Amino acid sequence: MLELGSIASRVGNFNHLRQLHAQIIHNSLYHHNYWVALLINHCTRLRAPPHYTHLLFNSTPNPNVFVFTSMLRFYSHLQDHAKVVLMFEQMQGCGVRPDAFVYPILIKSAGNGGIGFHAHVLKLGHGSDAFVRNAVIDMYARLGPIGHARKVFDEIPDHERKVADWNAMVSGYWKWESEGQAQWLFDVMPERNVITWTAMVTGYAKVKDLEAARRYFDCMPERSVVSWNAMLSGYAQNGLAEEALRLFDEMVNAGIEPDETTWVTVISACSSRGDPYLAASLVRTLHQKRIQLNCFVRTALLDMYAKCGRIGAARRIFDELGAYRNSVTWNAMISAYTRVGDLDSAKELFNTMPGRNVVTWNSMIAGYAQNGQSAVAIELFKEMITAKKSTPDEVTMVSVISACGHLGALELGNWVVRFLTENQIKLSISGHNAMIFMYSRCGSMEDAKRVFQEMATRDVVSYNALISGFAAHGHGVEAVNLMSTMKECGIEPDRVTFIGVLTACSHAGLLEEGRKVFESIKDPAIDHYACMVDLLGRVGELEEAKRTMERMPMEPHAGVYGSLLNASCIHKQVELGELAANKLFELEPDNSGNYILLSNIYAAAGRWKDVERIREAMKKGGVKKTTGWSWVEYGGKLHKFIVADRSHERSDDIYQLLIELRKQMREAGYIADKSCVLRDVEEEEKEEIVGTHSEKLAICYALLVSEAGAVIRVVKNLRVCWDCHTAIKMISKLEGRVIIVRDNNRFHCFNDGLCSCKDYW
DNA sequence: GTAGGGTTAG
């Protein structure tokens with residue numbers, strides 16, 4: 001028996017637990033409820049699998065109140081409220097009378113059902129038991145209404161009121177964001193303990209007042225590991241990873257032994273830094289200290305590996321966890337895959353995951369949205385609301401709104417906005433930012449401005465979204481002015497702001513403003529140089545563009561040479577174009593656009609042999625002209641087209657219209673634009689109408705639906721060429737309204753046959 | 001205590 005006792009006191013992991021279990025059976029002690037309860041309590045602590053624990057329980061012939069209490073505690077820890085209630089019922093069924101210890105567990109785990117237990121407790125006369133009373137206060141403090149907690153609290157005679165009751169109230173007020181009440185209770189309470197102080201640290205961290213949190217932390221008469229953890233996670237969850245890691249050092253130096261929670265928090269702080277060296281040193285420490293890695297720590301490690309780019313290591317942890325995985329583990333792994341763009345692996349996990357929650361859906365939807373698969377993201381969102389298993393929240397909607405913006409799908413966007421109000425989903429800053437983005441990408445600058453103006457608080461992203469919108473629509477002056485406004489409001493422009501403003505200057509031809517903006521950037525990044533080269537190039541200052549590029553403190557990337565090539569194309573500069581293109585052929589050998597641009601430059605100069613040479617080079621290098629999808633939004637649906645596409649239900653009408661259009665144009669004496677030379681050369685090899693590229697099909701569809709008076713939005717991948725121009729002119733004349741056409745990153749607003757963007761003609 | 005969201009350029 002003595003030996004058993006010494007084994008029991010050393011149960012540190014699941015194997016020890018099994019050994020103890022075996023010993024107990026070996027000594028025929030299994031029917032002793034004392035040992036069973038002890039085993040179950042170890043199961044709780046070590047988070048043993050439920051089936052193992054349940055087996056233990058089931059083979060106990062006459063469980064007493066201690067065994068039942070242990071089981072209740074076990075399921076309560078797992079947050080399996082249904083099992084807790086079931087166990088409670090079984091307990092009563094066995095004629096075992098619940099004592100005052102049982103009710104706090106029940107109430108804590110039962111969620112809203114706890115209110116029912118409150119009545120039960122009063123009836124059984126446990127109402128004046130200090131633990132039960134505290135559990136009741138704690139329940140109302142956590143679940144609300146907090147007023148009920150206060151009522152029970154006030155009814156306790158002064159001399160019976162314990163510090164735990166005060167603490168429950170303090171935490172409750174923080175939970176319900178009554179900072180003043182929490183503070184007041186803290187000030188008037190007759191005695192405080194380490195839990196009280198820690199609650200204040202947690203509370204101030206929750207309202208993001210980390211300075212106040214730190215003041216309380218520094219003033220604490222004593223600190224437990226929980227207090228350290230509270231301060232640590234306060235830093236970690238508010239994005240102050242550096243502070244968290246510094247505090248962790250302090251903690252170690254102070255000789256405090258970190259617990260599992262500490263490790264989880266520190267690992268998560270390390271994740272947000274994404275630093276593989278720091279990660280490796282943390283893992284070494286864990287090994288040296290022989291830390292038990294529970295599911296939480298392992299999941300945090302998984303996430304850390306993934307965010308440091310070690311997807312394989314992350315997957316190994318995921319596989320090793322096996323049955324111990326929880327939904328967080330799954331979601332972390334899914335996000336790990338979407339982060340690196342491996343959508344297939346992510347989707348595979350998504351499909352096999354048991355019990356998806358809203359975060360699972362959000363991870364997958366955001367994964368598609370962030371990897372250029374906006375249409376799929378929206379499809380998945382529709383599936384989510386049809387399945388009705390999880391309710392979309394703000395995070396879901398932010399991704400969906402952004403996806404609508406990327407597609408330029410205004411009808412869809414408006415439907416999503418209606419969905420928000422119908423389902424009472426409130427948007428915070430990022431939600432409104434996504435809306436600004438969506439509206440400006442869809443060409444509704446008025447709506448974008450309205451959303452921006454209606455916001456109570458705006459951050460740098462709000463300004464950036466609107467500035468980029470102005471940039472895309474050629475509203476240069478408004479973009480420059482908005483940057484001044486943001487400075488006046490005390491928000492500092494960041495990298496993205498400058499990209500937006502410089503792009504705006506570029507599209508509006510504001511050379512001097514652009515120069516000033518560029519000069520004002522303290523430490524211009526490579527993208528800022530690219531924008532500046534673009535601006536100089538477009539307005540025809542090609543020499544200065546070239547000089548700017550040569551003076552860059554870093555090696556120019558494809559964006560810089562691309563700008564130069566584009567400018568050479570606009571201003572028909574063969575030599576400069578060749579220089580830029582040759583660099584680009586090294587940097588992006590598979591990008592067909594560069595070959596086409598250079599060939600266009602040659603064609604414009606009448607150098608047909610060179611055009612032919614480029615075509616040969618493409619063939620030899622196996623460079624395929626990228627065939628993107630184009631699509632038209634109509635009736636809340638996206639009609640997709642690809643080269644030689646015949647899949648559309650109105651395919652015959654579309655091709656008929658195309659033939660008609662060409663006939664009309666030929667008769668009217670239109671001549672093919674030189675910018676389409678390479679395409680037309682390629683197409684001549686095929687049956688002309690079959691090889692028609694997707695944008696022409698999209699335009700034809702738009703033209704067809706316009707006859708029915710539909711709203712037309714032609715989006716994505718539109719290199720507006722000769723046929724398309726003519727078609728768009730026809731549509732907008734027909735409609736007498738503004739038509740927005742989007743090619744990858746630029747907008748073309750056609751009003752009465754005129755386009756705001758002069759790039760292509 | 002661990003998981004998910006918004007802005008960027010040729």
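In this text the structure is predicted, and so the values were computed from the model without any measurement. Letters A, B, ... mirror the listed sequences (proteins, then strands); counts begin at 1.
- Rounded to whole angstrom, the span from the NZ atom of A/Lys583 across to the C1' atom of B/dG10 amounts to 17 Å.
- In this structure, of B/dG10, B/dA3, B/dT8, it is B/dT8 that holds the atom nearest to the side chain of A/Phe437.
- A/Leu466 comes within 4.0 angstrom of no nucleic acid atom, judged by non-hydrogen atoms across all strands.
- For B/dG1, the OP1/OP2 oxygens have no side-chain nitrogen or oxygen of A/Gln237 closer than 4.0 Å.
- Among the protein residues, A/Ala471 comes within range of no part of the nucleic acid, since none of its heavy atoms lies under 4.0 Å from any strand.
- Phosphate contact (OP1/OP2 of B/dT7, side-chain N/O of A/Ser462, threshold under 4.0 Å): absent.
- Looking at heavy-atom distances under 4.0 Å, A/Asp494 makes no contact with the nucleic acid at all.
- The two atoms that bring A/Thr329 and A/Thr299 nearest to each other are OG1-OG1, 3.0 Å, heavy atoms only.
- Between B/dT8, B/dT2, B/dG10, one nucleotide has an atom nearer to the side chain of A/Asn326 than all others, and that is B/dT2.
- Here the side chain of A/Thr299 is nearest to one of B/dT7, B/dG10, B/dT2, namely B/dT2.
- Straight-line distance from the CG atom of A/Leu301 to the P atom of B/dT2: 14 Å, rounded to whole Å.
- A/Ile334 has its CD1 atom 13 Å from the P atom of B/dG5, to the nearest Å.
- Nucleic acid contact for A/Arg298: none, since no nucleic acid atom lies under 4.0 Å from a heavy atom of the residue.
- With rounding to whole Å, A/His557 atom NE2 is found 11 Å from B/dT8 atom C1'.
- Counting non-hydrogen atoms under 4.0 angstrom, A/Asp393 reaches a base of the nucleic acid.
- The side chain of A/Ser428 lies closest to B/dG5 when the candidates are B/dG5, B/dA3, B/dG1.
- Residue A/Asp527 is classed as a base contact, given a heavy-atom separation below 4.0 Å to a base.
- Ring-centre distance between A/Phe381 and A/Phe419: below the 6.0 Å cut-off.
- Residues A/Ser563 and A/Asn566 have side chains that never bring a donor and an acceptor to within less than 3.5 angstrom of each other.
- Atom P of nucleotide B/dA3 and atom CD1 of A/Ile317 are separated by 13 Å, given to the nearest angstrom.
- Between A/Phe248 and A/Trp228, a ring centre-to-centre spacing not shorter than 6.0 Å is recorded.
- Using a 4.0 Å heavy-atom criterion, one finds that A/Phe296 contacts the bases of the nucleic acid, with or without backbone contacts as well.
- Checked against a 6.0 Å centroid threshold, the rings of A/Trp330 and A/Phe350 do not count as neighbours.
- Among the protein residues, A/Arg339 comes within range of the sugar-phosphate backbone only, with heavy atoms under 4.0 Å from sugar or phosphate atoms but none that close to a base.
- Checking B/dT8, B/dA3, B/dG10 against the side-chain heavy atoms of A/Asn331 singles out B/dA3 as nearest.
- For A/Lys546, the NZ atom counts as loosely surrounded, since its 6.0 Å shell holds 12 or fewer non-hydrogen atoms of other residues, nucleotides or ligands.
- At a threshold of 4.0 angstrom between heavy atoms, the contacts of A/Asp459 include nucleobase atoms, whether or not backbone atoms are also involved.
- A/His432 has no side-chain polar atom (N or O) that falls below the 4.0 Å cut-off from OP1 or OP2 of B/dG5.
- Across all strands, A/Glu394 comes closer than 4.0 Å to base atoms (heavy-atom distances).
- One atom, CD of A/Glu260, and another, P of B/dT2, lie 14 Å apart when rounded to the nearest Å.
- Closest to the side chain of A/Ala558, from the set B/dG10, B/dG5, B/dA3, is B/dG10.
- Among the protein residues, A/Leu584 comes within range of the nucleic acid bases, having at least one heavy atom under 4.0 Å from a base atom.
- Residue A/Ser363 is in sugar-phosphate contact alone, with no base atom involved, counting any heavy-atom pair closer than 4.0 Å across all strands shown.
- For the pair A/Asn464 CG and B/dT8 C1', the computed distance is 8 Å after rounding to whole Å.
- Nucleotide B/dG1 holds its C1' atom 11 Å from the CG atom of A/Leu232, rounded to whole Å.
- The cationic group of A/Arg458 lies under 6.0 Å from the six-membered ring centre of A/Phe452 and within 45° of the ring axis, placing it in a cation-pi geometry.
- Using a 4.0 Å heavy-atom distance criterion, A/Ala530 is classed as making no nucleic acid contact.
- Distance from the side chain of A/Gln370 is smallest for B/dG5 among the nucleotides B/dG1, B/dG5, B/dG10.
- Checked against B/dT2, B/dG10, B/dT8, the side chain of A/Arg495 finds its nearest nucleotide in B/dT8.
- The base of B/dG10 lies close enough to the side chain of A/Glu588 for a donor and an acceptor atom to sit less than 3.5 Å apart.
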